[in-house]
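Every chain is numbered from 1, with letters handed out A, B, ... down the list of sequences. No experiment lies behind these values; they were computed from the predicted model shown.
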Amino acid sequence: MIRNKLVRQTLTVARRDFIATVFTPTFLIFLLAPLIMLSFGAVGGIGAATMASSSADKSRIVAIASPADARALIAADRNLRGLYRRREGPPALVIQSPGGDEAAQARRAFDAKDTDPTAVLYGPLSRPTVLHVPVSVRHADYLARLAEEALRSQRLGGETRLSVATKQAYSAAAGRTSQRGSNQAAFFAVFGLFILTLMLAGQAVGTMAEERSNKVIEVLAAAVPLESVFLGKLLGMFGVAILFVAFWGTIVVNVGQLLPGNFARAFAEVGPAVGPLFALLFFGYFTMAYLLLGSVFLGIGAQASTPREIQMLSLPITIFQVAMFGLSQAAATNPDSGLTRFAEIFPFSSPFAMAARAANKPEIWPHLLALGWQALWVAATIWLGARLFRRGVLQSGSPAFWKRGRTAKTLEAGSHLPA
Amino acid sequence: MGSEWAVRASGLVKRFGDRNVVDGVDVAVPPGTIYGVLGPNGAGKTTTLRMLLGIIEPDEGERTLLDAAHPREASDRVGYLPEERGLYPGMKAFEAIAFMGALRGLDWGTGRKRARLLLEDANLGHAADSKIKKLSKGMAQLVQLLGSVVHDPELLVLDEPFSGLDPVNQERLEAMILAQRARGATILFSTHVMANAERLCDRLTIIAGGKVRFEGTVDEARATLPIRARYMPHHPDAGIRALLPADAQEEGQGWVFTLPPEGIEGVLVKLIDAGYGISGLSIEPARLHDAFVRIVGRDALEAAA
């Protein structure tokens, strides 16, 4: 009966917070924030790529060679260039006929107005000289290689192939994931959880400050136990987070299906050790990571009474999150170390480290244990947050020892709940 | 309900730092009555109400609320209007009322229906779909009051309900409080405005400096001061003083004196016989305001102001 009442009160608070957050224009901006981020990224990327390709288009490598050598060089260039991806290949090869002083001609080649030579080869193919701009050593190497190949083919007589290979595609058995794949999955799991909680759990910081500035807190505190208020607020914000994740999750899954097949094959190898259960565990650990970090933020934020104080708190909060991420990342890469055990047991890094474990190791039972352990800590953190709030803000119970003698002054100075 | 007391507390103590904000307060509110907690600013009224409601815990003392050992157990049967009014500014008026009902166990659907009816009854039907931030302060205050009664509570606790309301809305609020009592609810409210308390309270307690200074009915409070008589002679004359009680003082064209314990008849006979006549006579019990000032002490009131 009492439990039902607590659930009902918690859900009433959660429902209010969810609706108050979601049905506002600002929520749309929040929801579409990743899109804005991606657009900026895309615009920047296109700009950078355009600049890179325009300068690459004018780059040239030049060979000053007799017509016979030139034919051999062009053939060698055709063969070697085939090994590169199109964008990664060296600049186009330009052949110049030798005229008098080749060294002077080579130096003059760098002065060309419409092109941008990066390396120039002259002299006999057996002992060529390659001039190059300082950053284009690889282009010089390429020209030297061309001379070598051209000379070899001349000596062998034409383009006779000495070796003919047979190429066959081979893929690992379906469903098998490599050790490297597991580690990658662990990395993605920890990184994904971190990004999600970093973006979403921080929102919990300001929710109690909202109640205090609206002065609704006394209405809530009179009707509902503070623990229910705290948990309700946390669940309300978690609902918002789920909506966010569901929205972007749906988009990502659908975009994934549109990707070419070899992308999907590459991702298939990045497999977690526990198999398909991983999605469920990932969701479980996301919930726990959110509730754990969210309850800490909510508890700390509840002590702040002004937006300025909340801003000041956001830095230590972010540092705390990053520290948990670092700890779990270390755990993901060394699944059997002592640090990993610590990260799995320490409650605030546990969801991250256990998600990494799900990717690395196939046992299921440690996860049930970990989820229970983390839930216990969610309850403990909420209880502690509510207790601190009750004492520090509602001025109930005996004041904490460090506040004795100060409370009366706080009260007179406009504590939220005056006597 | 059938219980002897709707609210009962004994020896409540609350300390903030080294100061006893509430210092051994006893309260006993009979069911179905309007009970006032009166006191100057800073007397400890709000802290007492918060302890009775279980918002904060007393350092000492005991309390029961609607027979529940801990006030929280009875929270669904209680309505509360805090001194610092607070509503979500983005909520519509009828939603805000339904939300407050939902916190106290009323389902949302019923809450919304009742909210519209309550708003209509309070002549605020036009504001039902307005957001709280669009309402005037007085309207928002009435909306919050409706939110505290939407679930038909057995006990309604109002902390300074009249502050910030204009006379018309004060009258409207008094009518609403009386209607709640007529429904069978117990109303416990704090105020430092005597006129409202004088009109409404069945019983009251006066708190000052964290201690109870008086408990009883309005008439009993007034009776702590003697009844005053105001006499206006038909033929004013300096000799009148000799016929009046010793404490008589001239005020304007009349005289004011304490009503003698044996009654006023003897004095009147003497005045008529002496030929001064009677142009006006009123016998006035002390006002609650005067009783309050005497009980609390003028020094304490000036200190609080």
Got a second to check how far Leu220(A)'s CG is from Met100(B)'s CE, nearest 0.5 Å?
-> 9.5 Å

Gap between atom CD of Glu218(A) and atom CD of Glu83(B) - 0.5 Å precision | 8.5 Å

So, for [X] and [Y], which heavy atoms are closest and what is the spacing to 0.1 Å?
X        : Y         : answer
Ser75(B) : Ala223(A) : OG-O, 3.5 Å
Arg72(B) : Lys5(A)   : O-NZ, 3.2 Å
Gly86(B) : Val216(A) : C-CG2, 3.8 Å

Hey, is [atom1] on [X] packed in by over 12 heavy atoms from elsewhere, all under 6.0 Å?
X         : atom1 : value
Glu309(A) : CD    : yes
Leu280(A) : CG    : no
Trp248(A) : CH2   : yes

Hey, are Arg8(A) and Asp76(B) close enough for a salt bridge, meaning a charged N less than 4.0 Å from a carboxylate O?
-> yes

So ring pair (Phe, Tyr, Trp, His ring centres under 6.0 Å) across residues 47-90 of chain B, not counting sequence neighbours, yields Tyr88(B)-Phe99(B)

What part of Met51(B) gets closer than 4.5 Å to chain A, counting heavy atoms only: side chain, backbone, both or neither?
-> neither

Using non-hydrogen atoms and a 4.5 Å limit, figure out which bit of Leu87(B) sits close to chain A: side chain, backbone, both or neither.
-> backbone

Heavy-atom distance under 4.5 Å to chain B: side chain of Ala20(A), backbone, both or neither?
-> neither

Decide yes or no for Pro82(B) and Lys215(A): does some side-chain heavy atom of the first lie under 4.5 Å from some side-chain heavy atom of the second?
-> no

Any side-chain heavy atom of Val219(A) within less than 4.5 Å of one from Leu81(B)?
-> no

Residues passing the side chain to side chain donor-acceptor pair (under 3.5 Å) test with Asp159(B), sequence neighbours excluded, are Thr46(B), Ser190(B)

